[in-house]
Structures are given as C-alpha cells and as structure tokens.
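Computed over heavy atoms, backbone and side chain alike; hydrogens, waters and symmetry mates excluded. Just so it is clear: chains get the letters A, B, ... in the order the sequence lines come, proteins before strands, and each one is counted from 1.
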Number of protein chains: 2
Amino acid sequence: MQTITWNQQVVKRNNKSLVLQTIIEKEPVSRADIAQITGLNKATVSSLVNDILEENLIFESGPGESSGGRRPVLLHFNKTAGYAIGIDIGVNYVLSMLTDLKGNILIEKNQPIKNVAFDAVTDVVSEMIRSLILEMPKSSYGAVGIGIGVPGIVDKQGTVLFAPNLNWSNISLKQHIEEEFKLPVLIENEANAGAYGEKQLGAGQSFQDIIYVSAGIGIGAGIILNGELYQGKNGYSGELGHVIIQANGKKCSCGSQGCWEVYASENALLEMAPQQDATLESLVALAEQNDPEAIALFEKIGVSIGIGVNNIINAFNPEQVIIGNRLVVAKQWLEGPILETIQTHTLPFHQKEVQLQFSQLSVYSAALGVSAFVVENFIRDGITVL
Amino acid sequence: MQTITWNQQVVKRNNKSLVLQTIIEKEPVSRADIAQITGLNKATVSSLVNDILEENLIFESGPGESSGGRRPVLLHFNKTAGYAIGIDIGVNYVLSMLTDLKGNILIEKNQPIKNVAFDAVTDVVSEMIRSLILEMPKSSYGAVGIGIGVPGIVDKQGTVLFAPNLNWSNISLKQHIEEEFKLPVLIENEANAGAYGEKQLGAGQSFQDIIYVSAGIGIGAGIILNGELYQGKNGYSGELGHVIIQANGKKCSCGSQGCWEVYASENALLEMAPQQDATLESLVALAEQNDPEAIALFEKIGVSIGIGVNNIINAFNPEQVIIGNRLVVAKQWLEGPILETIQTHTLPFHQKEVQLQFSQLSVYSAALGVSAFVVENFIRDGITVL
DNA sequence: TAAGTTTGTATATTGACCAAACTAAGTTTA
DNA sequence: TAAACTTAGTTTGGTCAATATACAAACTTA
C-alpha cells in the first residue's frame with residue numbers, strides 16, 4: 001500500500017502551489033484577489049506570496065487601479081526566472097526550442113536529418129541543446145530542464161522501447177542526455193507531448209477530457225483525462241493507431257490486420273495515391289487546384305479518420321477531440337468527411353457537446369508540450385523543496 | 001477554477017480515512033502496526049483511532065500475541081455497523097441484495113420480470129428494498145444507502161438517459177427512489193458497476209488499471225484508471241460495444257455499422273445459431289456434449305471478442321482485462337480464441353504482463369459493485385462529517 | 001475635510017501532528 | 001526469580017500553519 005500521510009508541510013506546499021497557479025493564470029492580480037479566488041485567508045495569502053517572492057518566481061509591479069479604496073499591489077509571474085528546452089525528434093527532422101516559463105518561444109532551431117541512427121540523432125540533439133544554452137539569456141534559475149518528444153513507445157523510466165520509423169529499440173535516451181547536461185530530462189511519446197501542448201497552450205486549454213490524435217506517418221494518440229495525461233500501466237497507452245477498424249483487413253506493419261493507421265495515416269494516403277512520387281505536400285497542392293482525384297483521396301482518408309474518432313468518442317466520452325500533426329495541412333478537405341462520419345455513426349448522447357478541433361500549435365505541439373511539462377515539474381519541485 | 005484550499009481539517013480527515021482504510025484492509029491490526037504502516041506518529045494514530053471508535057466503525061478485541069513486550073490491543077472493522085442495498089436491474093430480472101460494509105451478502109432476492117415499463121420495474125424495486133430493510137438486522141447506522149445498476153446510459157445526476165433494452169429514456173431514477181426511502185441513492189451503468197465490483201471484491205483487487213468488459217445481450221465496459229472509475233465528461237464513457245471493428249460492416253441497432261457488439265455479444269451468438277429458438281444456455285448445453293457446430297460458434301464469438309480486447313489493450317495499456325456478464329458461462333470455449341487473437345494482433349509491448357481474466361463474482365458483479373460504492377460513499381461522508 | 005472603502009499586515013488563538021517521556025504489560029536472561 | 005529488556009499505548013509539551021480580529025495605509029466620495 002502506497003500511503004501518503006498528511007501534515008502541515010503538505011498543507012503549506014499545496015496552498016503555495018495554489019497561490020502560484022492563481023498568479024500564473026490570472027496575472028496581474030493582487031493579494032486580495034487571490035484571497036477571494038482561493039478562499040484562503042488574506043493573512044495566509046500574504047505570507048505565502050512573500051515566500052514565493054523570495055524564490056523569485058513572481059514580482060510586484062506598481063499599484064493598480066483603485067476600486068474605491070487603497071490601491072492594490074499587482075503581482076506578476078516571473079516568466080523569465082528560468083527557461084525550458086523542448087525538443088521534438090521527428091522521422092526526418094529535429095525541432096528544438098527554448099521557451100520561457102509561460103511557453104513563449106524565444107529561440108527555435110529546425111534541422112533536417114537523414115541518418116536516423118541513435119548516435120547520429122543524439123549528436124544533433126546534443127549540439128542543439130548546447131547552442132540553446134549558450135544563447136539563453138541570464139536568469140535566476142537558468143535552464144530548468146530538457147524535454148524530448150519521440151515518435152515511439154516510451155516507458156516511464158524514459159527508455160525508448162521501440163521507435164519503428166527511427167529503427168530504435170531499447171534506448172536509454174533520458175539517462176544519456178541527463179549525464180551529458182546534468183539537468184532534469186523527460187522523455188515522452190510524441191502524441192502524448194502534443195496532447196499536453198495543446199492542453200496547456202493550444203486548442204485544449206478549457207477542457208479536461210481530451211483525446212489528441214496525432215495523424216502523421218502513423219497514428220498515435222495522447223489521452224488527457226481529468227486534466228491529466230493518462231499513461232497506462234507502463235506509460236505506453238494511446239496506441240490508437242493500432243485499434244482494429246477492419247477485422248481481417250489490410251496487413252499492418254505491426255503484424256496485425258486492419259489497424260486504423262493502415263486506412264487513415266499519411267502513409268495510407270500516399271499508398272492510395274496514383275502518382276508514384278506523391279507526397280503530402282504535392283497532394284495538397286493538387287487539391288488546392290481543385291484536382292478531383294486528390295480531393296477524393298483526402299475525403300476517403302477523412303472518412304477513415306472519422307471511423308477512428310467515432311471509436312474514441314464512444315469509448316472515452318471526451319469533451320474534445322483534437323486532430324494534430326502532419327495531416328492538419330489538409331484540414332480543408334478532411335474536416336467535412338470526419339464530421340459527417342461522426343454524425344452518422346456515433347451515439348447521439350456522446351456526439352452532443354463533443355468538440356472536434358484541429359491542432360492550434362501546428363508543428364510546435366509536441367516540442368511545446370514537453371517544454372511545458374518541464375516547466376510544470378520545475379515549479380512543482382521548486383515549491384516542494386522549501 | 002475549482003480550487004481546494006488545504007487546512008488542518010483536511011489533513012485530519014485524510015489521515016483518519018487512511019487509518020480506517022488500513023484497519024479495513026489489514027484487520028486485525030494494532031495501533032502500533034497502523035503507525036508503522038502509515039508513517040503517522042503513534043500518538044496521532046491513537047487519537048484518530050479513538051475518534052473512529054466513538055463512531056462505532058471499529059471495535060477492539062482481546063489482546064493479541066506478544067512479540068516480546070506488552071500485548072497489542074487488536075482493532076477490527078465493524079462491518080455490521082450498517083448495511084448497504086445493491087440492486088442490479090437486468091433486462092428480464094431484478095437482482096437485489098443486502099450486504100454488510102465489507103460486501104458480504106446477507107440477503108439475496110432475485111425476481112424475473114416480464115414488463116420492463118418504468119413503473120412496473122420500480123414497483124418491483126421498491127418492494128424489494130422495503131422487504132430488505134424489514135429483514136435487516138439492527139445496527140448503529142441501519143441502511144446506509146441504495147445503489148442501482150442499470151443496463152443503459154446514466155448521467156452523473158443519476159438520470160437514465162437511455163436504456164434501449166428496457167425501452168427507457170430520460171428517467172430520473174435516483175430522485176424517484178431517494179424520495180421514497182429518504183436514503184442516499186446512487187445509479188450506475190451496469191458495466192461500470194460490474195467493473196467496480198470486480199475491482200473491490202473480485203478478480204481486480206490487486207490492479208489499478210482495469211477494463212471490465214460486460215459481454216451480455218450487448219457489450220459495455222467499465223474503465224478503471226489509477227484505481228478509480230473513469231466516467232467521461234458526462235458519465236457515459238465505456239460504450240465500447242459501439243466501437244467499430246468492421247468499417248461498413250453489419251448494421252447495428254444504434255444506427256451505426258460494424259460495431260463490436262454486432263459480432264461479439266450474446267445477441268450476435270444467437271443470431272448466428274442455426275436453431276430458431278437457441279438460447280445461450282441451450283448452446284452451452286450443446287457444446288458440453290461436444291457438438292462441433294455449437295463449439296465453432298463460440299469460437300467465432302471468441303475471436304470477435306478478442307478483436308475488441310486487442311483494441312482495448314492497445315488503446316489503454318491496462319494491467320488487466322476482465323470479461324464479465326452472461327457470456328462468462330462459455331469461458332471454456334471462448335478463452336482460447338480470445339487469447340490467440342490477442343497473441344496474433346496486439347502490440348508485443350502491450351501484450352506483455354497484461355492479465356486476461358474472467359469475472360470472479362459471476363452474476364453478482366454489478367449488484368456488489370453498486371453496494372460497494374454505497375459503502376465507500378458512506379464511509380467517506382461519515383468521516384467528513386466528523 | 002470627514003466618512004467610508006479597500007488593501008495589506010500584525011497579533012493572538014486554534015487545532016493538527018509530532019517527539020519524548022511515561023505507564024503498562026509482557027518476555028528474556030542470568 | 002528477579003533484573004533487564006521489549007513492545008504497546010497514553011500523556012505532555014512543543015511546533016507550525018491557518019485563521020479571526022484589529023489595525024494601519026492609501027485611496028474615493030460627498
């Protein structure tokens with residue numbers, strides 16, 4: 001039995017976290033506002049705010065507007081008290097960025113890669129991290145951590161168990177990067193990272209139960225339930241791409257048959273295209289010129305995506321389904337068929353009120369997601385330590 | 001923002017709950033043991049135990065064995081401090097039971113019903129509750145609540161939105177029963193109730209992430225994540241029976257096509273049977289006499305169940321999948337095909353370590369589940385009130 | 001200018017857990 | 001068989017965080 005005992009330190013830690021979270025979400029805000037919002041006593045808020053001020057995570061600014069009495073001292077989140085590094089390892093690129101503690105991008109680097117071997121990729125990653133740290137502005141806490149999104153199955157220890165498109169298996173990526181930079185490192189599946197990014201900074205900010213569908217070369221999903229990323233027993237939930245939507249259907253690279261991603265991914269699209277050298281971009285270009293064949297192709301993929309989304313809605317009863325990753329560029333032709341498929345298939349009660357949206361952060365979802373994760377850990381641990 | 005502030009009362013409530021939970025799980029147990037297990041100070045435990053003693057939820061028994069010093073006073077959970085009523089409304093029966101606070105069945109009543117109209121069913125339910133309360137032994141708290149499992153979609157307010165097999169829609173069942181008996185009432189979907197029953201009292205006791213598949217006339221599922229029932233935004237998650245496993249497949253009563261339950265439920269079985277008047281029981285009887293046709297039929301259903309279970313494992317990465325409800329009687333012929341389907345389809349990493357089991361509580365899963373739910377609420381609220 | 005309002009701080013109190021001393025009731029050992 | 005040791009549980013006094021209350025500071029309004 002994993003038991004947690006409760007004592008005054010826990011109380012203080014949680015209240016402090018609550019106060020800081022309130023400042024982050026509502027800044028600029030006065031002590032009096034915080035007391036009103038949280039229900040904590042004015043004196044308690046005052047004391048906690050002073051603690052956080054000493055930690056440099058917030059700062060005071062000149063007095064705000066009076067509402068008939070003494071003017072309030074406004075509190076702001078010190079979003080440049082430190083910086084987070086977010087990295088998205090794709091199949092043919094590495095995207096890295098430096099963000100402040102609110103997820104604003106300060107520096108962004110994107111490097112195409114051809115050699116996906118582990119050593120080659122980590123060389124690129126390491127070099128990028130080094131240069132980001134060099135270019136980073138001075139701050140109280142410096143780099144607070146490194147987050148990395150990977151297109152594959154990652155366990156809770158940060159080991160990449162299997163990344164078919166990179167040809168990786170059983171790679172202790174977290175340990176490797178941690179040893180080099182002596183900073184907290186966090187590895188996440190690309191879809192989970194994207195889900196978290198959209199939840200914190202993109203389309204999902206006002207929802208608690210979200211399924212993020214990463215529709216790229218394959219299909220993955222990030223599952224956010226009750227506002228938190230659900231990871232499954234071992235951390236590898238969300239392989240929705242390998243849900244069977246056609247029993248005894250087409251062979252899938254995973255060894256199974258009829259998997260969703262065989263019908264609804266970028267790979268599926270390219271395989272169905274009549275042109276030998278079709279790419280997602282070339283098909284989009286054709287569709288933009290009203291090429292009926294290309295449009296029909298996208299619509300077919302849209303229906304297949306819709307089938308899978310139907311399954312998601314019936315299974316999870318989420319508030320929101322977000323479609324992300326590469327296929328978002330074809331939103332224009334996909335959205336209609338997806339919606340129509342849902343309308344004709346999904347249970348009416350489940351359909352009602354569910355939001356279907358496309359990614360708001362486009363190619364940045366995953367990198368911003370891991371970066372936001374890093375920030376969250378930093379803030380939680382910072383507060384814990386005291 | 002729904003904020004929770006932390007103070008000493010919260011600390012005490014949680015620690016008290018922790019102590020009581022420890023006693024329930026480990027009884028008989030001494031104060032010293034509890035201090036050791038929970039990490040709380042001996043003095044704190046003593047004080048909390050005395051509080052709980054006053055509430056009559058536990059009692060002391062004669063001293064236990066010495067381990068080289070003073071003999072401990074053993075503490076026991078007072079499982080007869082009150083009783084819970086659990087009811088399972090089926091399509092052609094109402095099963096009701098009185099349980100003690102540990103989920104032991106004291107009285108059990110089962111009544112077949114023909115008329116599924118709301119009024120007729122609630123008359124039966126009310127009559128059963130009345131007689132259970134009359135037969136209930138004397139106790140400190142009496143009947144602590146009523147739980148009802150229903151084969152349909154239930155929202156978080158206890159309204160039965162839609163129960164196709166009962167022909168019910170939009171029925172405020174909770175309100176109705178609450179008004180009659182002035183007791184806390186709780187309504188749950190039958191699959192959710194079954195999942196909770198197996199988790200607390202049956203096959204799932206040592207697991208945290210469990211999917212319970214209720215394979216009966218239709219298919220439903222209860223989803224337990226991180227040890228808690230996941231209900232979705234509106235409380236109607238788990239309609240896994242309407243996940244599409246065959247795009248453009250057979251028509252389903254829900255209006256969609258190719259739903260899992262069209263291929264893997266009791267209804268699917270009976271539809272495929274050559275006999276006009278086949279029932280699940282008659283087919284089991286045939287299979288027991290080694291009738292090859294009947295056995296082949298079950299095996300076919302088994303493969304279809306396996307497809308859906310594959311989808312569950314890939315999507316949720318659970319620790320355990322439990323198959324429950326009526327089809328469990330055919331376990332002997334279903335288990336092989338299900339396992340084989342998983343082995344040939346499910347992602348290897350996800351397959352590893354996942355447990356496939358059949359219900360341990362047989363027909364009692366749902367009724368025991370709601371009853372356990374009632375007990376949990378009683379204990380939590382009792383402790384809250386002080 | 002005086003009265004009323006709002007913000008934020010200071011002080012004393014409350015109540016929870018905890019450490020340590022203590023009482024109670026055994027076992028072990030010489 | 002008595003002294004030494006062990007273990008269980010209670011009592012006492014202390015600490016810490018939140019709170020209620022009073023109050024000072026700063027502003028608005030009539």
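Atom P of nucleotide C/dT7 and atom CG of A/Asp33 are separated by 7 Å, given to the nearest angstrom. Here the P atom of nucleotide C/dG8 and the CD1 atom of A/Ile34 are 9 Å apart, to the nearest Å. Atom CD in A/Glu65 sits roughly 14 Å away from atom C1' in D/dA26 (whole-Å rounding). What separates CG of A/Asn50 from C1' of C/dA10 is a distance of 13 Å, to the nearest Å. Straight-line distance from the NZ atom of B/Lys42 to the C1' atom of D/dT7: 8 Å, rounded to whole Å. Counting to the nearest Å, the P atom of C/dT23 and the CZ atom of B/Arg31 are 19 Å from each other.
Between the side chains of A/Ser139 and A/Thr80, no donor-acceptor pair of N or O atoms lies under 3.5 Å. When only modelled atom types and interatomic distance are considered, A/Glu353 and A/Gln320 share no side-chain donor-acceptor pair under 3.5 Å. Using a 3.5 Å distance cut-off with no hydrogens or angles, the side chains of A/Ser30 and A/Asp33 do pair a donor with an acceptor. A donor-acceptor pair shorter than 3.5 Å cannot be found between the side chains of A/Thr38 and A/Thr22.
Nucleic acid contact class of B/Val73 (heavy atoms, under 4.0 Å, all strands): sugar-phosphate only. B/Ala43 comes within 4.0 angstrom of a base, heavy atoms only.
Taking the six-membered ring where tryptophan is involved, the planes of A/Phe378 and A/Tyr141 are perpendicular, since the angle between them exceeds 60° and thus also 30°.
The side-chain heavy atoms of A/Leu57 and A/Leu20, taken from C-beta on, include a pair separated by under 4.5 Å.
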Distances for protein N or O near nucleotides 26-30 of chain C N or O, under 3.5 Å:
unit_1: C/dG26; atom_1: N2; unit_2: B/Gly68; atom_2: O; d: 3.3

Is there any protein nitrogen or oxygen under 3.5 Å from a nitrogen or oxygen in nucleotides 14-18 of chain D, and what are the pairs?
unit_1: D/dC16; atom_1: O2; unit_2: A/Gln8; atom_2: OE1; d: 2.3
unit_1: D/dC16; atom_1: O2; unit_2: A/Gln8; atom_2: NE2; d: 3.1
unit_1: D/dA17; atom_1: O4'; unit_2: A/Gln8; atom_2: OE1; d: 3.2
unit_1: D/dA18; atom_1: OP1; unit_2: A/Asn15; atom_2: ND2; d: 2.9

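Interatomic distance, A/Tyr236 OH to B/Asn317 CG, rounded to the nearest 0.5 Å: 6.0 Å. Atom CD1 in A/Ile379 sits 10.5 Å away from atom CD in A/Glu55 (nearest 0.5 Å).
Nucleotide D/dA30: paired with C/dT1 (Watson-Crick or G-U wobble, both distances less than 3.5 Å).
Between B/Lys174 and B/Glu188, no side-chain nitrogen of the basic residue sits less than 4.0 Å from a carboxylate oxygen of the acidic one, so the salt-bridge criterion is not met.
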